[in-house]
Amino acid sequence: MPIINVQILEGRPKEKIAEVILNITNTVSETLDAPKESIRVIVTEIPKTHWGVAGTPKS
């Protein structure tokens, strides 16, 4: 059972998160010949205050 963890910055619409879950599921299913029912996608939204780039928070 493939489990895919995705970490993104918070603030995207629920529809976009649902779309990325669907697209990742389809890609993994096709690539690994795995049934979609066995694929798990976990999306974690990270606050901008907790996401740093080049030593600076994204907030």
**With Ser59 via side-chain contact (heavy atoms from CB on, under 4.5 Å) - residues at least two apart** = Lys48, Thr49, Pro57
**Asked** Just how far is it from atom CE of Met1 to atom CD of Glu37, taken to the nearest 0.5 Å?
**Response** 12.5 Å
**Asked** So how far is it from His50 NE2 to Gln7 CD, rounded to the nearest 0.5 Å?
**Response** 12.5 Å
**Atom pair CG/CG of Leu22 and Asn26 - distance to nearest 0.5 Å** = 4.5 Å
**Request:** Find the distance between CH2 (Trp51) and CG (Leu9) and round it off to the nearest 0.5 Å.
**Result:** 5.0 Å
**Item:** Sidechain-backbone polar pair: Ser29 side chain, Ala34 backbone, donor-acceptor under 3.5 Å
**Value:** yes
**Request:** Quick one: name the residues clustered hydrophobically with Ile21, using the 4.5 Å side-chain heavy-atom rule over I, L, V, M, F, W, Y, and just say none if it's on its own.
**Result:** Ile4, Val6, Ile8, Ile17, Val20, Ile24, Val28, Leu32, Ile39, Val41, Val43
